[in-house]
Amino acid sequence: MAALPGTPSPSAPPAGSAAAEPLGERALSKLKWRCRRGLLENDLFIARFFERHESRITVGQAGAMEVLMDLSDNDLLDLLLRRKEPEPAWAGAEVVELLQLMRADGAQRPAASTTSSSSPSRTIL
């Protein structure tokens, strides 16, 4: 039976020892390229996730990320902003866990940039 248009295919690897292996450098590079999105908001969530977890991404997480990247930009943003939850038909445990990590990382402020003490701080309302 064919998947509905816009519905990601369940391409995450099965749970097991292979899914827990660290992702290789070349595969990580390809994954990062695949994760480029059209909406800035999605890119911010994804960039923060990679900033915090890039060195320890597993094969299973990469597969889960591929599933999320099969979504449209608006559907992905709805998931990241908790406007909706993933459907059990296509989202396995790895996808749900990855989504929780991405939501937590996206909710945190980015690392503080260094500013000189001579420049005044501004508050934007």
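Numbers here simply count residues along the sequence, with the first being 1. All of these numbers come straight from a predicted model, not from anything done at the bench.
Rounded to the nearest 0.5 angstrom, L77 CG and K84 NZ are separated by 10.0 Å. With rounding to the nearest 0.5 angstrom, the CG atom of L98 is 11.0 Å from the CG atom of L79. One distance of note links CD of E41 with CG of L80; it measures 10.5 Å at 0.5 Å rounding. From K32, atom NZ reaches atom CD1 of I46 across 12.0 Å, with rounding to the nearest 0.5 Å. For the atom pair CZ (F45) and CG (L99), the distance works out to 9.5 Å, reported to the nearest 0.5 Å. The CE atom of M102 lies 6.5 Å from the CZ atom of F49; values are rounded to the nearest 0.5 Å.
Formation of a donor-acceptor pair under 3.5 Å by the Q61 side chain with backbone atoms of T58 is found in this model. Between the side chain of D78 and the backbone N or O of R83 there is no donor-acceptor pair closer than 3.5 Å. In terms of modelled atom types and a separation under 3.5 Å, the side chain of R34 and the main chain of M65 share no donor-acceptor contact.
Considering only heavy atoms from C-beta on, W90 stays 4.5 Å or farther from D70 through its side chain. For the pair E66/L31, a side-chain contact is recorded, criterion being any heavy-atom separation below 4.5 Å from C-beta on. Considering only heavy atoms from C-beta on, P22 stays 4.5 Å or farther from I57 through its side chain.
Taking hydrophobic clusters as Ile, Leu, Val, Met, Phe, Trp and Tyr residues chained together by side-chain heavy-atom distances below 4.5 Å, L81 shares a cluster with M69. Residues V95 and L101 share a hydrophobic cluster, clusters being chains of Ile/Leu/Val/Met/Phe/Trp/Tyr side chains in contact below 4.5 Å.
With respect to the salt-bridge test (charged N to carboxylate O, under 4.0 angstrom), the residues E85 and R103 qualify. Using a cut-off of 4.0 Å between Lys/Arg side-chain N and Asp/Glu carboxylate O, D73 and R37 are scored as salt-bridged.
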